[in-house]
Amino acid sequence: MKDAYQIAVREFRLQPSEFWSMAPRHFWWLMETLGPRRRGSGLSEDDKREILGWLRGNDREGF
(Lines give C-alpha, C1' and ligand atoms only; values in the text may rest on other atoms or scores of the structure.)
Protein backbone atom coordinates (compact mmCIF):
# COMPACT_ATOMS: atom_id res chain seq x y z
CA MET A 1 0.00 0.00 0.00
CA LYS A 2 2.87 2.36 0.83
CA ASP A 3 4.42 1.94 -2.63
CA ALA A 4 1.09 2.58 -4.37
CA TYR A 5 0.57 5.72 -2.29
CA GLN A 6 4.05 7.04 -3.08
CA ILE A 7 3.62 6.41 -6.80
CA ALA A 8 0.23 8.12 -6.85
CA VAL A 9 1.35 11.18 -4.91
CA ARG A 10 4.91 11.61 -6.19
CA GLU A 11 4.71 10.36 -9.77
CA PHE A 12 1.08 10.96 -10.72
CA ARG A 13 0.72 14.16 -8.66
CA LEU A 14 -2.52 13.09 -6.98
CA GLN A 15 -3.57 14.71 -3.76
CA PRO A 16 -3.39 12.26 -0.83
CA SER A 17 -7.14 12.58 -0.33
CA GLU A 18 -7.72 11.61 -3.98
CA PHE A 19 -5.63 8.49 -3.53
CA TRP A 20 -7.45 7.40 -0.38
CA SER A 21 -10.88 7.97 -1.91
CA MET A 22 -10.25 6.19 -5.23
CA ALA A 23 -11.21 2.60 -5.93
CA PRO A 24 -8.22 0.25 -6.26
CA ARG A 25 -9.09 -0.47 -9.91
CA HIS A 26 -8.79 3.26 -10.67
CA PHE A 27 -5.25 3.28 -9.32
CA TRP A 28 -4.36 0.33 -11.56
CA TRP A 29 -5.91 2.09 -14.55
CA LEU A 30 -3.65 5.06 -13.82
CA MET A 31 -0.67 2.73 -13.59
CA GLU A 32 -1.50 1.27 -17.00
CA THR A 33 -2.04 4.71 -18.54
CA LEU A 34 0.61 6.86 -16.85
CA GLY A 35 3.20 4.31 -15.77
CA PRO A 36 6.41 3.51 -17.62
CA ARG A 37 6.04 2.02 -21.06
CA ARG A 38 6.22 -1.69 -21.38
CA ARG A 39 9.25 -3.32 -22.93
CA GLY A 40 8.84 -3.80 -26.63
CA SER A 41 6.95 -0.61 -27.32
CA GLY A 42 8.45 2.30 -29.15
CA LEU A 43 10.64 2.43 -32.23
CA SER A 44 12.03 -0.62 -33.94
CA GLU A 45 15.78 -0.94 -34.42
CA ASP A 46 15.38 -0.18 -38.14
CA ASP A 47 13.44 2.99 -37.36
CA LYS A 48 16.10 4.07 -34.86
CA ARG A 49 18.86 3.59 -37.45
CA GLU A 50 16.91 5.52 -40.06
CA ILE A 51 16.28 8.46 -37.73
CA LEU A 52 19.92 8.45 -36.63
CA GLY A 53 20.91 8.66 -40.29
CA TRP A 54 18.64 11.68 -40.73
CA LEU A 55 20.15 13.37 -37.70
CA ARG A 56 23.66 12.83 -39.00
CA GLY A 57 22.70 14.26 -42.39
CA ASN A 58 23.09 12.68 -45.79
CA ASP A 59 25.57 12.77 -48.65
CA ARG A 60 24.08 16.03 -49.90
CA GLU A 61 24.77 17.76 -46.58
CA GLY A 62 21.15 18.21 -45.59
CA PHE A 63 17.96 16.57 -44.58
Side-chain angles (χ1 to χ4, degrees):
M1 184 61 76
K2 178 181 175 183
D3 291 336
Y5 175 82
Q6 289 175 339
I7 290 169
V9 174
R10 290 182 182 169
E11 301 297 323
F12 300 154
R13 305 284 189 228
L14 294 178
Q15 293 297 316
S17 60
E18 291 176 314
F19 173 80
W20 293 117
S21 66
M22 75 172 33
R25 71 178 174 273
H26 295 162
F27 172 78
W28 292 112
W29 291 346
L30 283 173
M31 285 291 292
E32 290 175 4
T33 305
L34 301 175
R37 290 191 159 197
R38 290 180 181 85
R39 186 172 174 84
S41 63
L43 296 173
S44 69
E45 290 301 316
D46 289 337
D47 290 339
K48 290 176 188 177
R49 279 192 290 277
E50 185 176 5
I51 292 170
L52 185 58
W54 294 338
L55 293 172
R56 289 184 177 149
N58 59 33
D59 295 342
R60 290 179 258 159
E61 299 295 325
F63 286 94

Residues that D3 engages under salt bridge (Lys or Arg N to Asp or Glu O under 4.0 Å), provided they are two or more places apart: none
Evaluate M31 against I7 for side-chain contact (heavy atoms from CB on, under 4.5 Å), listing each step before the verdict. CA-CA 9 Å; M31 285 291 292; I7 290 169; 3.7 Å; yes
In one Ile/Leu/Val/Met/Phe/Trp/Tyr side-chain cluster, 4.5 Å: V9, M22: yes
Testing the basics here: between L34 and F12, what is the closest heavy-atom pair and its distance to 0.1 Å? CB-CE2, 3.5 Å
Smallest separation among heavy atoms of A8 and F27, with atom names: CB-CE1, 4.0 Å
Counterpart residues, side chain to side chain donor-acceptor pair (under 3.5 Å), relative to R49 (two or more places apart): D46
Under 3.5 Å, side chain of S21 to main-chain N/O of E18, donor-acceptor pair present? yes
So, using side chain to side chain donor-acceptor pair (under 3.5 Å) as the criterion, who are the partners of Q15 when residues are at least two apart? none
Quick one, H26 with F19, criterion side-chain contact (heavy atoms from CB on, under 4.5 Å). Give me CA distance, side-chain angles, the key distance, then yes/no. CA-CA 9 Å; H26 295 162; F19 173 80; over 6 Å; no
ILVMFWY cluster, L14 and W29 together (side-chain gap under 4.5 Å): no
